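Please read all numbers here as calculations on a predicted model, not as lab measurements.
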Amino acid sequence: MDVSIQNITDRKISGVECCVKSQCEPYLETYFDWTAYPLVAKYATNELTCGILTAWHHLPVFNQIETHSDYETFYFVNGEALMLFCDIENGKPVMGSAQIARICAGTEIIVAPGKGHFVPVGVTDSFQAVVFAPAQGAPRIDLPETICGI
């Protein structure tokens, strides 16, 4: 199944919030600036984990999605990535809802509980994202057919 790739800022994806740095006002002082993003994830627990995801250039071809029982927040630090999103109903992917979004550095996204998605692939040689989430499982669901970004 071919899915058109679009910029994440040019589309609405159900279950995903997005904010880019240009929408935020930095607070500047003599030797630092702080940019607070307005997105707020209401995690169901205070037991959070954080890590840095590094991924390399890869074709946007997906055979699985994963889902979580709580929110997951990504902040893309550098590079450019492509990420698959797909609704899930009754434990099965809704293939007609599949979307692949191009995400640039300086973008924060929050993925809602139960929203199907998969680890982004790099458009550039590599990208990095800081990921925050509660300590939770990441059950995977096989897709009934391969999804290819075009």
Side-chain angles (χ1 to χ4, degrees), residues 2-88 93-94 96-141 143 147-150:
D2 291 341
V3 174
S4 176
I5 298 168
Q6 295 180 348
N7 293 331
I8 196 162
T9 54
D10 294 342
R11 58 174 39 191
K12 175 72 176 143
I13 300 173
S14 169
V16 179
E17 293 181 75
C18 172
C19 182
V20 295
K21 190 172 184 176
S22 63
Q23 296 171 312
C24 305
E25 260 189 68
Y27 170 78
L28 303 172
E29 287 207 19
T30 55
Y31 72 97
F32 71 90
D33 71 45
W34 164 251
T35 303
Y37 281 64
L39 298 182
V40 176
K42 294 180 168 74
Y43 299 109
T45 179
N46 61 2
E47 295 181 12
L48 301 179
T49 184
C50 176
I52 296 180
L53 169 65
T54 302
W56 296 269
H57 175 76
H58 195 274
L59 293 175
V61 175
F62 302 92
N63 293 303
Q64 292 183 318
I65 55 175
E66 68 178 23
T67 186
H68 306 288
S69 59
D70 206 341
Y71 289 92
E72 186 173 34
T73 300
F74 292 78
Y75 179 79
F76 291 81
V77 178
N78 60 46
E80 190 174 314
L82 300 174
M83 190 168 184
L84 170 67
F85 299 97
C86 184
D87 292 341
I88 299 171
V94 179
S97 71
Q99 298 179 64
I100 299 175
R102 177 179 289 105
I103 306 169
C104 296
T107 302
E108 178 187 15
I109 66 167
I110 298 174
V111 181
K115 180 66 177 186
H117 60 286
F118 205 69
V119 177
V121 300
V123 174
T124 50
D125 287 340
S126 66
F127 78 88
Q128 288 187 310
V130 177
V131 182
F132 295 88
Q136 60 185 334
R140 292 185 180 188
I141 301 170
L143 296 170
I147 295 177
C148 302
I150 56 170

Would you be so kind as to tabulate the donor-acceptor pairs closer than 3.5 Å made by side chains of residues 13-26, with sequence neighbours excluded?
from: Gln23; atom 1: OE1; to: Val20; atom 2: N; distance (Å): 2.9

Listed by chain and number, what are the side chain to side chain donor-acceptor pair (under 3.5 Å) partners of Arg140, not counting sequence neighbours? Gln64

Please enumerate all residues that pass ring-ring contact (aromatic ring centres under 6.0 Å, His included) together with Phe62, with sequence neighbours excluded. none

Residues Val121, Phe127; criterion side-chain contact (heavy atoms from CB on, under 4.5 Å); working and verdict: CA-CA 8 Å; Val121 300; Phe127 78 88; 5.9 Å; no

Of all residues at least two apart in sequence or in a different chain, which pass the salt bridge (charged side-chain N to carboxylate O under 4.0 Å, His left out) check with Glu66? none

What pairs of residues pass the side-chain hydrogen bond (donor to acceptor under 3.5 Å, both in side chains) test when at least one of them lies in residues 52-61, not counting sequence neighbours? Thr54-Gln128

What pairs meet the salt bridge (charged side-chain N to carboxylate O under 4.0 Å, His left out) rule with one or both residues in residues 114-130, with sequence neighbours excluded? Asp87-Lys115

How long is the straight-line distance from CG of Leu143 back to CG of Leu84, given to the nearest 0.5 Å? 6.5 Å

Holding to side chain to side chain contact (heavy atoms under 4.5 Å, CB included), I want the full list of residues that pass it with Ile88, two or more places apart in sequence or in another chain. Ile65, Thr67, Ile141

Identify the heavy atoms of Ile100 and Val3 that sit nearest to each other, and give their distance. N-CG1, 3.7 Å

May I have all residue pairs that pass salt bridge (charged side-chain N to carboxylate O under 4.0 Å, His left out) and include part of residues 53-62, sequence neighbours excluded? none

Is there any side-chain hydrogen bond (donor to acceptor under 3.5 Å, both in side chains) pair reaching into residues 102-112, and which pairs are they, with sequence neighbours excluded? Asn7-Arg102, Glu80-Arg102

So which heavy atom on His68 is nearest to which on Ala138, and how close? CE1-CB, 3.4 Å

Test side chain to side chain contact (heavy atoms under 4.5 Å, CB included) applied to Asp2 - qualifying residues, sequence neighbours left out: Cys148, Ile150

Which residues pass the side chain to side chain contact (heavy atoms under 4.5 Å, CB included) test with Thr45, sequence neighbours left out? Glu47, Asp70, Pro134

Quick note, ring pair (Phe, Tyr, Trp, His ring centres under 6.0 Å) partners involving residues 34-54, not counting sequence neighbours, are Tyr37-Tyr75

